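What you are looking at is a predicted structure, and each value in this text was computed from that prediction instead of being measured.
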Protein chains: 2
Amino acid sequence: MRVSRDKAAENRERIVDTASRLFREKGFEGVGVDAIMNGAGLTHGGFYGHFGSKDDLAAEAVARALERSVEKQSRYTNLSDLVSEYLSERHCADRANGCTIAALGDEIARQRNGVRRALTEHVRGQLDRFTHLLRNGPAARRRKRAIATLVGMIGALTLARAVDDPALSKEILAVARNAFGEAPPADQSSGRRDG
Amino acid sequence: MRVSRDKAAENRERIVDTASRLFREKGFEGVGVDAIMNGAGLTHGGFYGHFGSKDDLAAEAVARALERSVEKQSRYTNLSDLVSEYLSERHCADRANGCTIAALGDEIARQRNGVRRALTEHVRGQLDRFTHLLRNGPAARRRKRAIATLVGMIGALTLARAVDDPALSKEILAVARNAFGEAPPADQSSGRRDG
DNA sequence: TGTACATCAGTGAACGCGCGTTCACTGATGTAC
DNA sequence: TGTACATCAGTGAACGCGCGTTCACTGATGTAC
């Protein structure tokens, strides 16, 4: 049965949002078109009225997830709070609504161009934002800190999720919050040469 | 045609090694039993004489990859060299023979108990080894640095591989080598409180 | 504003392929004498 | 040491299921008058 154009547009958005969550939760190959459409309250047959292929949807879903993540970040005016939230146990437990890079990082590396290009632009933006949020030192040094902070966040969340033992997982998050949220990780303050 | 017991044992080892490489290269769901057996110079039918299921092989393959990684590390007597090698462009480009956590991290988080448990023990060992390689400061602080270093390494390699642009990828690796291989990342040397 | 028709979003059955798994078979290996 | 038979590692065809994709159909929406 036909549905109004507005309703159809809403449905499309809902499919993208649902996919964006399910992919992060179970991986690209862990979710079928069927599950995505059911999750959006539709049946699988209508899928190809909205998207050319599952891969096309994947590209849109990743782009959507990355946009949302930038929106969420705009609330933070300093990097420490952002890092603390990112490395919280809540975020660690909620893969479906959390960071796309931590949830799908190594699958994205094997993905088609569309997905990888979107991610690359997102990372560039992240590094610029982080560099801007860091207040001390010249831009080049702040950029280095931004990179070290970003990779520390991603690695900590990935490892905390991969590990089986809740105590170890919490320890990793807590130490990383302290290391990347408080002290400047790329600061060569221990007196070594600067490269 | 039957094969000698020694040859059969060799074949089994070769299957595990091949799987360990192919899984890291293409992900658990990106490789079929067929491809693994062909890679080991056999046909798919013989697979179930060696393993109960593809999942069982996955657990063995991950365990094997982690063992190999520990063997490789035993060559290093200081953490800086180890980090530099880990964050080299060579390692970044060679997913099949490289770090299992960076290659399969977020898939492992969704995997069965066998795989996750093996990984957890490996991580514990890694942290102990890193803590031991760090020479300065009390054990508790060295452990924090070990954790920050490990998650920085994993995050940097994951991100450098996910990103589309070689220049950005190289920048991430270079900055991370400097941040995690030279200065102590968990060092609160900038004068903040210690937690 | 109301009516008649065309459009098309969504449905559900069906297709085809790939993949994990099974199985009857083969022929070299291992063993008993 | 040699022979006869049993064992069993590996082969390749086949099975069954799931999944991405297609398609004929439905009936509400959109439109023309």
**N/O (side chain, Tyr48(A)) to phosphate O (OP1/OP2, dT22(D)) under 4.0 Å** = no
**Request:** Begin with the C-alpha distance, continue with both residues' side-chain angles, and end with the deciding distance and a verdict on side chain to side chain contact (heavy atoms under 4.5 Å, CB included) for Cys99(B) and Met153(B).
**Result:** CA-CA 10 Å; Cys99(B) 173; Met153(B) 289 163 66; over 6 Å; no
**Message:** For Arg116(A) and Asn113(A), which I'm curious about, is there any donor-acceptor pair between the side chains at under 3.5 Å?
**Reply:** no
Ion pair [X]/[Y], N-O distance below 4.0 Å:
{"X": "Asp106(A)", "Y": "Arg161(B)", "answer": "no"}
{"X": "Arg124(A)", "Y": "Asp165(B)", "answer": "yes"}
{"X": "Arg110(B)", "Y": "Glu25(A)", "answer": "no"}
{"X": "Arg177(B)", "Y": "Glu89(B)", "answer": "no"}

Euclidean distance, atom [atom1] of residue [X] to atom [atom2] of [N] [Å, nearest integer]:
{"X": "Asn38(A)", "N": "dG18(D)", "atom1": "CG", "atom2": "C1'", "result": "14 Å"}
{"X": "Ile15(B)", "N": "dG10(D)", "atom1": "CD1", "atom2": "C1'", "result": "10 Å"}
{"X": "Met37(A)", "N": "dG18(D)", "atom1": "CE", "atom2": "P", "result": "20 Å"}
{"X": "Lys54(A)", "N": "dT22(D)", "atom1": "NZ", "atom2": "P", "result": "15 Å"}
{"X": "Phe51(B)", "N": "dT22(C)", "atom1": "CZ", "atom2": "C1'", "result": "18 Å"}
{"X": "Asp6(A)", "N": "dA9(C)", "atom1": "CG", "atom2": "P", "result": "13 Å"}
{"X": "Ile36(A)", "N": "dG10(C)", "atom1": "CD1", "atom2": "P", "result": "16 Å"}
{"X": "Glu29(A)", "N": "dG20(D)", "atom1": "CD", "atom2": "P", "result": "10 Å"}

**Item:** Asp34(A) side, atom CG; Thr43(A) side, atom OG1 - distance, nearest 0.5 Å
**Value:**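 These two atoms lie 9.0 Å from each other.
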**Asked** Atom CZ of Phe180(B) and atom CG of Leu87(B): how far apart are they, to the nearest 0.5 Å?
**Response**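 Here the rounded value is 8.5 Å.
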**Request:** State yes or no: do Val3(B) and Leu42(B) share one hydrophobic cluster built from I, L, V, M, F, W and Y residues joined by side-chain heavy-atom distances below 4.5 Å, directly or via other members?
**Result:** no
**Request:** For DNA chain D, list all stems, counting runs of three or more consecutive pairs where every pair is Watson-Crick or G-U wobble with both distances under 3.5 Å.
**Result:**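 Expected stems, ordered by start: C:2-33 with D:2-33.
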**Asked** So which nucleotide from dT29(D), dG10(C), dG10(D) ends up closest to the side chain of Ser4(A)?
**Response** dT29(D)
**Message:** The test is side-chain hydrogen bond (donor to acceptor under 3.5 Å, both in side chains); show your working for Arg24(A) and Ser20(A) and say whether it passes.
**Reply:** CA-CA 6 Å; Arg24(A) 276 178 281 176; Ser20(A) 134; 2.6 Å; yes
**Request:** Take Asp34(B) and Val3(A), find for each the nucleotide of DNA chain C with the closest heavy atom, and name the residue whose nucleotide sits nearer the 5' end.
**Result:** Val3(A)
**Request:** Please identify each residue that fulfils salt bridge (charged side-chain N to carboxylate O under 4.0 Å, His left out) with Glu67(A), with sequence neighbours left out.
**Result:**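 Glu67(A): no salt bridge (charged side-chain N to carboxylate O under 4.0 Å, His left out) contacts found.
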Atom pairs under 3.5 Å, N or O on each side, protein against nucleotides 4-7 of chain D: can you list them with distances?
from	atom 1	to	atom 2	distance (Å)
dT7(D)	O2	Arg2(B)	NH1	2.5

Could you pull out the protein-nucleic contacts involving nucleotides 31-33 of chain C (nitrogen or oxygen on both sides, under 3.5 Å)?
from	atom 1	to	atom 2	distance (Å)
dT31(C)	OP1	Arg5(B)	NH2	3.0

Short N/O separations, protein against nucleotides 12-17 of chain D, under 3.5 angstrom:
from	atom 1	to	atom 2	distance (Å)
dA13(D)	N6	His44(B)	NE2	2.9

**Message:** I need the full list of salt bridge (Lys or Arg N to Asp or Glu O under 4.0 Å) pairs touching residues 77-87 of chain B, with sequence neighbours left out, sorted by first then second residue.
**Reply:** Glu85(B)-Arg90(B)
**Request:** Heavy atoms only: give me the nearest Tyr48(B)-Lys54(B) pair and the separation to one decimal.
**Result:**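 Closest approach of Tyr48(B) to Lys54(B): OH-N, 4.5 Å.
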**Message:** Quick check: closest heavy atoms across Ala160(A) and Ser169(A), and the distance to 0.1 Å?
**Reply:**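 Smallest interatomic distance, heavy atoms only, reads O-OG, 2.8 Å.
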